Structure formats: structure tokens, C-alpha cells
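A short write-up of the structure that comes next.
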Number of protein chains: 2
Amino acid sequence: MALRHALLAALLDRELSGYQLTKLFDLGVSSFWHAAAQQLYVELAKLEADGLLTGHEVVQQGRPNKRVFRLTDTGLEELTRFTLSTNKPTSIRDDLLVKAYAAAAADPVKLAEQLEQRSAQSRAKAEYLAEQLAKLLGGRSEHEYLTTADNIGPYLAGMRGRMYEEEQANWCAWAAAALRGRMT
Amino acid sequence: MALRHALLAALLDRELSGYQLTKLFDLGVSSFWHAAAQQLYVELAKLEADGLLTGHEVVQQGRPNKRVFRLTDTGLEELTRFTLSTNKPTSIRDDLLVKAYAAAAADPVKLAEQLEQRSAQSRAKAEYLAEQLAKLLGGRSEHEYLTTADNIGPYLAGMRGRMYEEEQANWCAWAAAALRGRMT
DNA sequence: CTACACATGTAAGCAGTTACATGATTTT
DNA sequence: AAAATCATGTAACTGCTTACATGTGTAG
């Protein structure tokens with residue numbers, strides 16, 4: 001299992017719809033757990049069938065209706081069990097880094113352009129995450145938040161995501177400059 | 001395809017055996033491309049069958065023999081084509097980060113212990129990568145190396161790996177401290 | 001009346017995981 | 001004589017990717 005626990009974690013203390021989860025996994029969680037939108041719906045159905053989640057129809061005005069999911073007691077137990085299990089090896093797969101590794105086989109300018117584009121994307125993602133983190137703090141100092149808030153999980157993980165995207169942006173810009181600096 | 005191009009990149013200007021590649025993917029490349037040892041052998045066989053690599057038996061004394069692989073012209077062309085292709089979305093999957101997200105469902109001490117353990121592992125990996133990078137420089141300044149070396153790819157990618165592991169180590173230590181700081 | 005955001009799925013195919021399997025050589 | 005490192009695979013299963021499919025409501 002895999003995506004399973006990421007979904008349970010995302011639903012730990014709130015109800016979210018499949019669509020809201022696709023947004024979360026695209027923007028907020030993608031720096032440490034990747035999942036395609038279609039797969040989320042498939043996995044949500046399985047989790048409901050397995051009794052780890054329950055879905056509830058929510059009628060909306062001005063929008064299509066949606067189904068929100070909530071953790072069951074069994075789901076919470078399963079999540080707790082997961083936190084005690086041994087970690088599977090971290091899996092990272094990034095085409096752009098492989099391309100950087102293969103720089104000698106690439107057109108330096110084309111590669112630099114890709115790096116600069118990614119740098120901008122990562123910078124934007126880092127800024128988005130910084131905003132989300134500030135919202136969580138809600139004016140409190142980090143120390144106060146970390147010692148008093150109920151659930152600091154999203155803040156902890158969000159910080160890692162922000163760091164990751166920031167460093168990615170910096171590295172991409174540096175690598176692009178290095179490649180451009182080699183042009184005659 | 002996927003692992004395919006990571007292997008071609010690793011063999012860009014050198015011959016390596018399957019076993020040497022497992023070590024490289026475990027230590028040097030794991031921060032941006034994950035692959036299990038078994039899968040490498042499977043993929044190497046496919047790449048050879050497809051004519052992108054050629055394998056040569058190397059008789060060794062004091063060790064079992066090995067087969068080293070070399071890029072063919074077709075393989076190099078394929079790698080160059082890859083550097084121009086559109087990137088698939090970066091895929092990251094890290095159990096430990098999901099556990100951090102689910103902190104509220106976890107035993108704080110047990111989670112902190114896992115984070116501290118990972119911090120040490122990442123620190124060690126960062127140091128190993130720093131050594132490898134220093135070897136590549138071979139006494140030269142970074143600027144000199146980047147402007148004059150033949151193939152700067154492994155240096156560029158290695159730097160990203162070092163940054164990643166260092167930041168991971170820092171974050172894990174910080175997150176563990178935050179969790180421990182909440183204990184009465 | 002077109003484009004965009006919201007909203008949710010199904011189905012085929014395969015890349016990658018998990019488990020199993022083997023053997024040489026050096027070091028302790 | 002055991003443990004560690006070197007060295008290379010096979011086979012079953014499945015989680016995930018890729019491609020396809022559909023429909024509502026808002027904004028320009």
C-alpha cells in the first residue's frame with residue numbers, strides 16, 4: 001500500500017472531496033508525495049470499500065455537488081499503525097535532474113531554458129507554501145504554534161515542501177547559469 | 001520509459017557493470033532517481049536487446065567476473081533526444097513525510113526517533129556526496145571546474161543531491177525537536 | 001458561446017515492487 | 001566457518017501511468 005496512507009493523513013482532522021484532494025496533492029503535498037488525480041478517485045473508492053473512509057454527498061449551490069470523505073475509527077487506527085511501520089525507501093524520480101546529469105549529451109541552451117523554467121515554477125510553489133504556512137500560524141510565532149497547536153503535522157510537512165521547492169529553484173538557477181557560462 | 005534514460009545518463013562517458021550501477025543508484029543518484037537493484041539488471045538487458053548499450057565480459061582476479069556496459073551511438077542519440085523531451089511530473093514518495101503530516105495520529109516519541117534516525121542517514125549521505133564532489137573538482141575551484149571540465153553533469157546533479165540530503169537532515173532534526181518539545 | 005474551474009470516474013497496459021534464487025571470493 | 005562484499009539474475013503481482021469519458025456551473 002502507499003497512496004492509501006497519504007490520503008488517510010490528508011483526511012486526519014477534516015473532510016475533503018476527491019477534487020479538493022487533487023488540489024492538495026497537486027499544490028500542497030506534491031513535494032513529498034506524488035499522485036495523479038485519477039488515482040486518487042480509485043484509491044478513495046477502495047478505502048471506502050475497505051471501511052477506512054466514509055463518503056457523504058454534499059449538495060452545493062452554484063457548483064456541481066461533491067462527495068466528501070471522513071476517516072472512520074478503523075481508518076484512524078490504520079493510520080496510527082502506519083506511523084509505526086518501517087519506511088519503504090524514499091522514491092524520487094525527476095527527469096530534469098537526469099537531464100542535468102546527461103548535460104554532456106544535451107544542447108546547453110535548451111537545457112538551461114528548461115532549468116530556468118523549472119526554477120520559476122519551484123519559486124512560485126515555494127511562495128504558495130509560505131502563504132499556507134503563514135495562514136496556519138495565524139499571527140502566532142512559530143514556537144508558540146508548535147508548542148500549542150493541536151495538529152502540527154501539516155505545518156511540519158509543509159515546511160519541508162517549502163524548503164524543497166526553494167532549494168530546487170536556487171539549484172535550477174545556478175545550474176542554468178553554469179551551463180550558459182560555458183557558451184563561448 | 002523512465003529508468004532507461006537514467007541508466008543511459010549514468011553510462012554517458014564511462015563503462016560500468018550492473019553491480020557498480022546499483023551502488024551508484026544507491027549512493028550517488030538516489031536523491032533524484034530511485035531504482036531497485038533487480039530492476040537495473042532487467043532494464044540493462046532490455047537496453048542491450050534494443051541496441052542502446054553493449055555489454056562486455058570483464059575477467060577479474062580475486063572477484064567474480066562482471067559485465068560492463070557501454071553506450072552505443074544509438075544509445076547516445078536516444079539520450080540526447082531525451083534531453084529535449086517534455087518532463088514528466090516529478091515523482092516523490094516519502095513515507096516519513098507522510099508520517100510527519102499525520103503527526104496527530106502518531107506517538108510523538110516514536111515519530112521523533114524515526115526522524116532523528118533519518119537525519120543521521122541523510123547527514124551521512126550528504127557528507128559522502130560532498131566527498132565525491134571534492135574528488136570531481138580535484139583541487140580546482142568550482143568556477144574553474146564548471147567553465148573548463150568536459151562533462152559537468154555529474155557535478156551539477158551531485159550538488160543537488162548534496163543540498164537535498166543536507167536539508168533533509170536539518171528538517172528531520174528540527175521536526176523531531178518540535179515533537180519532543182511538546183512532551184510535558 | 002467559448003473557455004475555464006469544478007467534479008468524478010473507467011479501462012488497458014506496464015513499469016516497478018516484492019519475493020525468490022544462486023554463486024564466487026575476501027575478511028573476520 | 002560465518003559474515004560481508006561482489007556479482008547477477010527470474011517470476012508473480014500490483015500500483016501507477018496513460019488515455020479515454022462525461023457532465024455542471026461561472027465568467028468573459
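Letters A, B, ... mirror the listed sequences (proteins, then strands); counts begin at 1. Values below: all heavy atoms of this structure, side chains included; hydrogens, waters and symmetry mates excluded. Note that the structure is a prediction, hence the values are computed from the model and not measured.
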Side-chain N or O of Tyr41(B) less than 4.0 angstrom from OP1 or OP2 on dT8(D)?
yes
May I have the distance from Tyr19(A) (atom OH) to dG25(D) (atom P), rounded to whole angstrom?
15 Å
If each of Pro64(A) and Gln20(B) is mapped to the nucleotide of DNA chain D with the nearest heavy atom, which maps nearer the 5' terminus, i.e. the 5' end?
Gln20(B)
What heavy-atom pair brings Arg182(A) and Leu146(B) nearest, and what distance separates the two atoms?
NH1-O, 2.7 Å
May I ask you to establish whether Lys66(B) and Tyr19(B) are in a cation-pi arrangement, using a distance under 6.0 Å from NZ or CZ to the six-membered ring centre and at most 45° from the ring axis?
no
Categorize Gln38(B) for me: base, sugar-phosphate, or nothing, with a 4.0 angstrom heavy-atom threshold over every strand shown.
base
Does dC16(D) have OP1 or OP2 sitting under 4.0 Å from an N or O in the side chain of His34(A)?
no
Taking for each residue the nucleotide of DNA chain D with the nearest heavy atom, is it Lys46(A) or Gly18(B) whose nucleotide lies nearer the 5' end?
Gly18(B)
Rounded to whole angstrom units, what separation is found between the CG atom of Leu53(A) and the P atom of dT8(C)?
14 Å
Is the cationic atom of Arg160(A) (NZ for Lys, CZ for Arg) positioned less than 6.0 Å from the six-membered ring centroid of Tyr164(B) and within 45 degrees of its normal?
yes
Quick check for you: among dT10(C), dT17(D), dT18(C), whose closest atom lies nearest to any side-chain atom of Gln39(A)?
dT17(D)
Could you check which of dT10(D), dT17(C), dT8(D) has an atom nearest any side-chain atom of Arg93(A)?
dT17(C)
Hey, what bend do you get for the helix from dC1(C)-dG28(D) to dT28(C)-dA1(D) if you fit axes on five pairs at each end, rounded to 10°?
40°
We want to know whether Asn170(B) and Arg123(B) form a side-chain donor-acceptor pair, criterion being a heavy-atom distance below 3.5 angstrom.
yes
Rounded to whole angstrom units, what separation is found between the CD atom of Gln60(B) and the P atom of dC6(D)?
11 Å
Step-by-step side chain to side chain donor-acceptor pair (under 3.5 Å) determination, Glu165(A) to Tyr128(A)
CA-CA 10 Å; Glu165(A) 296 297 346; Tyr128(A) 170 81; over 6 Å; no
Please give, in whole Å, the distance from dC6(D) C1' to Leu40(B) CG?
15 Å
If you assign each of Arg63(A) and Ala45(A) to its closest nucleotide in DNA chain C, which residue comes earlier from the 5' end?
Arg63(A)
With the side chain defined as heavy atoms from C-beta on, Lys88(B) is closest, among dT18(D), dT8(D), dT17(C), to dT18(D)
How many Å lie between NZ on Lys23(A) and P on dA7(C), as a whole number?
10 Å
When rounded to whole Å, the CG to C1' distance for the pair Asp26(B) and dA7(D) reads 15 Å
Please step through salt bridge (charged side-chain N to carboxylate O under 4.0 Å, His left out) for the pair Arg67(B) and Glu15(B), ending with a clear verdict.
CA-CA 10 Å; Arg67(B) 291 191 77 219; Glu15(B) 293 187 333; over 6 Å; no
Rounded to whole angstrom units, what separation is found between the CG atom of Asn65(A) and the P atom of dA5(C)?
21 Å
Between the NE2 atom in His5(A) and the CZ atom in Arg81(A), the distance rounded to the nearest 0.5 Å is 8.0 Å
Could you state the interatomic distance from OG1 (Thr90(B)) to CG (Leu96(A)), rounded to the nearest 0.5 Å?
7.5 Å
Interatomic distance, Phe69(A) CZ vs dT8(C) P [rounded to whole Å]:
7 Å
Between dA7(D), dT10(C), dG15(D), which one does the side chain of Ala2(A) approach most closely?
dG15(D)
